Each structure stands twice: as C-alpha cells, then as structure tokens.
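A short write-up of the structure that comes next.
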Amino acid sequence: MKSQAITDNFQDANVDALAVVVFKDEKANSGILKDLDKLVGGNISSVLKTEEFKGETGETAYFLFEAKGKNTANRLLLVGAGDKTDYKASDVYTISGAATRFLRKRNVKSFALMPRSDGDSSQTAVGAMQGVVSSQFELDKYKTKDKNDKSIDNFVLFVEGAKEKDLKDGLKRGEIIGDSMNFARDLANEPPNILHPTEMANRAQKMAKEVGLKCEILDEAKMEKLGMGSLMSVTYGSSQPAKMIVLKYEPKKTTGKKGELLAIVGKGITFDTGGISIKPAEGMDAMKYDMSGGATVIGTMRAIGLLQPTVPVLGIVAAVENMPDGKATRPSDVVTAMNGKTVEILNTDAEGRLVLADAVAYAEKQGATTIIDMATLTGAVIIALGDLNTAVLGNDQNLVDEIIACGKEAGEDFWQLPIGKEYSKAIKSDIADIKNIGGGRKAGTIIGAVFIQEFIKDAKWAHLDIAGTAWADNEKPHHAKGPTAVAVRTLLKFVEKSQ
Ligand code: BES
Ligand code: ZN
Ligand code: ZN
C-alpha cells in the first residue's frame, strides 16, 4: 500500500477524498473548518447548525464538491472525535480506520487525513497507518463471490508543521504493525480443518524465513523427551500431531540489560471440543479461535522481525488440538509436567492451562526473564469484563502496570485481576501436586492464572486472558467482525519501550 506524508497544505493532496477530524462544539467559522466550509459551499456550517452532525465520536458527514484547480479531491468526510479534552493520541487509530471503511465502501481509492492531534507526530502517523491497514481486514477469504475487496491504495497523512521524516517513519512502522495484525487475524479466522497445529507451525516457519527470525518446531517426540506431559495430555485425543513453535529474534546490536530476555507465549489450541469433558454443540464452532493467543504471538513476532528492535524476543506457541477419542485423556488422569509437578486433570476442557504450563516452563528454560502469556483461557473472563477489557494478572506489579500503560498508549484496554496464595489453595489436589480446576464457579479467570503460575520459577510473569477480546461479535466503524489481533499493538509498544 502506498502512503505519503504532507506538512504544508492539506488541500493540495493528490487524492480522491479529504477526511478531517471534527471535535464536538466546533464552529465552522475559524481555522481549517472555515477553509473547508468554503470548499463545500457552506455545507459544514449548515450540518453543524442543523445538528445533523455534532462531532460526536464515530459520527460522520460526507460531501461531494467540485474539484478546483490542480486539486483532484472532490469529496470531504468529517469524522467526529467527541470532546477535544478527552481526545487521546491512540484515538487516531479508530478515526483513520473508520474513515477508511467509510470511504472504501464508496469506491474511494485514495484519501488524505487530517487527524488534528497535538501529540508526537511520528506516533500519530503510526496509529493512523495501523488504522488504515488493519481496518481493511475482512472475513471473506473463503467466499468465491460477493467479496469485500474494495481497497484504499494510497493514504496521505497531513500534520501541519511536522517533520516529514517523522511522519514517513511512523507510516512505515504503522504499516508493518497493521499488516502483522492482519497476519494474526488471518490465522485466527482459518477453519480448524485447514489450520491444525502442523499448518500453524508451517505458516510460522514461512513467515520467520521472510522476516529473518529463527524458527524451531518441536515435534511430539521432542516434547515427550523434554517431559512435557501436561501439554502432551491434551493432544492424545487428536489425530493431528501437536507442535511447539519457537520463534527467536536476536538484534544485531543490543541496548537492553544483559541477560534479560522477554518471552511472549501463546495458547494455540487450533480447535477446542473440550475433549472427553466435551462442550455443548451450540457455539462450539467459535472454538476455532482458541489459538488466538498463538496468533498474537506469531503476528507480533512478524512485526518484530521487520521493525528490528534492539532487544531480543522469544515467541512460543503451544499448538495443539483438543479432541475426544479412545486415546484421549480422561478426567482423573494424572500427568507430570516438564518442571516435575504432577497434575490431576479433572476437566479436559481446562486444556489451555495444561499446554501453557509446559510452554512457560520451556520459555524460562530457554532463558526468559520476563514472560507474558496470551490465552483465550476462560469463559469466566467474558462474564467479568465483556469484550472491552483484557484481563491481566501477574506476579510482578511493575510488569502488570507497564502492560496496562502500554495498552493505553496503543489503544487497548487491560484490567487487572488479583492472584495470591489464598486463590492458589483452590487447585491443591488430593492425590497429586495440583489439579487443573478448582473453586467451582468462583473466580474462574484467577484460578486459570494461578495454575499457570505454578510453572513459573523466577521470571517476572503476566498472563493476559483474551477470551473476551480476541473476537469481535459485531462490525465496528473501524474494523470488521471477527478476529481482533488483540495485544499485538500493546506487546509491540512494550518491546519498543524496553529498548
Ligand atoms: N477455550 C476455553 C475458554 C473459552 C470458553 C473461551 C468460552 C471463550 C468462550 C477454555 O479452554 C475452556 O474451556 N475453559 C473452561 C474452563 C473450565 C472447565 C474450568 C471454561 O471457561 O468454561
Ligand atoms: Zn477448553
Ligand atoms: Zn480452550
């Protein structure tokens, strides 16, 4: 996709349409709105007067006008951004995304955006371009007709007085992040007959080659040998062999503290039937997205390979299919995980924690000093937080705070839930060290987290339960229905800040 930065005259952009942010209670008689109002024959004043358009967040007004002189644009889109005092730097992402989807539908191929944010102009460019690219993802890969394939081919960003280089660098970074989000979303959208663990590993391997990451795939024999009895217990019922995907990024020049290594670890259950503790038929199809944590890891690592930060990052995905079968694990089976702990499996549908147990232990064995895991782990998190916040839990308050802060900057919301010894008591088993469920219906998300914590030795660790946020049930002005690539932007912000 083409992009361009301009810093002097908005109306000179060589595009089909102009899009401009308008705040609530703005008047059309000063500054840029005055100029644009002239261009569209007083129509901005008119819609503001009639309150047809008030500048509320997500509101739009669209005008056609006659192109003048050397300017090619003959359309103007106003995008409401609400109260100016509430406007955050990250809002440019939703605004550019909403403008993109609005204009694309109307066959517009190129547009210039004036975001009017006074923040860091390079970050504005990152957010704007992420929005343009990621808002164009659609669920129609397997449609043979009625595809939504109209696209914006050229995006022009206007920030008055900014340095052109800052904007250009930001646009490049934003494009990489947007494309990587879409890469993750494509994985999450794949049907499970196509994206089984082996295919997930193949796609990661191919991507790694393209962006210059190291990639190692651990097969079942290797995982058995490493003693990953907890992960392996989940794959016994499946005819698809499990894979552990290990992606490594090593910078040419390091600026981080010596010996520090960040690992991002994802739950990659390519389909979750529940196993012998089988799920009800209704809604089971949704469980193809149970590998969304893994998709976030792969998408994030893709961006890291291209952005080349100065800190090393390890990406690990436990790719496994959870099926019922004669060979499947039974409720009451006891298995031994890689760290030697014994686990009584009382519910085979609580499988995410079983695969993550060995994945986080492996990450730490590989030298990780900070571990962030992502998982569609519990239905309980959807009850607690809905689809607006990702739950974050961890053993290090600074790490949790940093994730929340990076999320704010990147435009993703996280909400902390507690952990602690009292909660951990609920997973004590009568016959083994721990059991994989506990506490009945109480604090389901916390119980999932404290189980994973049993497999962390010394690392700082945070767990993100993305079950509520990884899939959008409805289309929004700035994105399609479906996979959201949640946490990709936040993790990349986290890596950017650890340099
Ligand atoms: N993949 C599910 C979590 C899930 C459930 C995500 C519903 C989205 C919607 C996970 O493997 C699971 O089944 N968890 C159980 C845990 C329970 C058995 C302790 C759950 O949440 O019901
Ligand atoms: Zn499950
Ligand atoms: Zn699951």
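Indexing begins at 1, ligand by ligand and atom by atom, following the structure's order. Bear in mind that the values here come from a model prediction, so they are computed numbers and not experimental data.
Polar contact check, Y289 against ligand 1: no nitrogen or oxygen pair lies under 3.5 Å apart. No N or O atom of N347 sits closer than 3.5 Å to an N or O atom of ligand 1. At least one N or O atom of G379 sits closer than 3.5 Å to an N or O atom of ligand 1.
Residue side and main chain included, K267 places an N/O/S atom under 2.8 Å of the Zn ion (ligand 3). The Zn ion (ligand 2) has an N, O or S atom of E351 inside 2.8 Å of it.
Short contacts between ligand 1 and I437, defined as distances under 4.0 Å to a heavy atom of the residue, involve ligand atoms 19 (C). Near A467, meaning under 4.0 Å from any of its heavy atoms, are these atoms of ligand 1: 6 (C). Shown in contact with E351 at under 4.0 Å from a heavy atom are these atoms of ligand 1, numbered in order with element: 11 (O). Counting atoms of ligand 1 from 1 in the listed order, those under 4.0 Å from a heavy atom of K267 are 1 (N), 10 (C), 11 (O).
Here the N, O or S atom of D290 that is nearest to the Zn ion (ligand 3) is OD2. In terms of distance to the Zn ion (ligand 3), the nearest N, O or S atom of D272 is named OD2.
For T348 and T329, the side-chain atoms include no donor-acceptor pair closer than 3.5 Å. With hydrogens and angles left out, the side-chain atoms of T198 and K243 include a donor and acceptor closer than 3.5 Å. No donor-acceptor contact under 3.5 angstrom links the side chains of R101 and S135, judged on distance only. Judged by distance alone, the side chains of T235 and E321 never bring a donor and an acceptor atom under 3.5 Å apart. A side-chain donor from one of E190 and Y142 sits under 3.5 Å from a side-chain acceptor of the other. A side-chain donor-acceptor contact under 3.5 Å links S117 and T124. Neither side chain, T469 nor D387, offers a donor N or O lying under 3.5 Å from an acceptor on the other. Counting only N and O atoms by type, the side chains of D140 and N148 include no donor and acceptor under 3.5 Å apart. A donor atom on one side chain and an acceptor atom on the other are found under 3.5 Å apart for D373 and W461. Using a 3.5 Å distance cut-off with no hydrogens or angles, the side chains of N182 and S180 do not pair a donor with an acceptor.
Look at I382 and you'll find a heavy atom under 4.0 Å from some atom of ligand 1.
Given atom 7 (C) of ligand 1, the protein heavy atom at minimum distance is M287 CE, 3.7 Å. The protein heavy atom nearest to atom 2 (C) of ligand 1 is D272 OD2, 3.6 Å. Counting only heavy atoms of the protein, atom 10 (C) of ligand 1 lies nearest to L377 O, 3.3 Å. The protein heavy atom nearest to atom 15 (C) of ligand 1 is D349 O, 4.2 Å.
Proximity of T376 to ligand 1, defined as any heavy-atom pair under 4.0 Å, is confined to the backbone N, CA, C and O atoms.
Distances from atom 16 (C) of ligand 1 to the heavy atoms of M291, R441, R353 put R353 nearest.
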Test side chain to side chain contact (heavy atoms under 4.5 Å, CB included) applied to E199 and Q240, step by step: CA-CA 10 Å; E199 178 62 12; Q240 290 294 343; over 6 Å; no
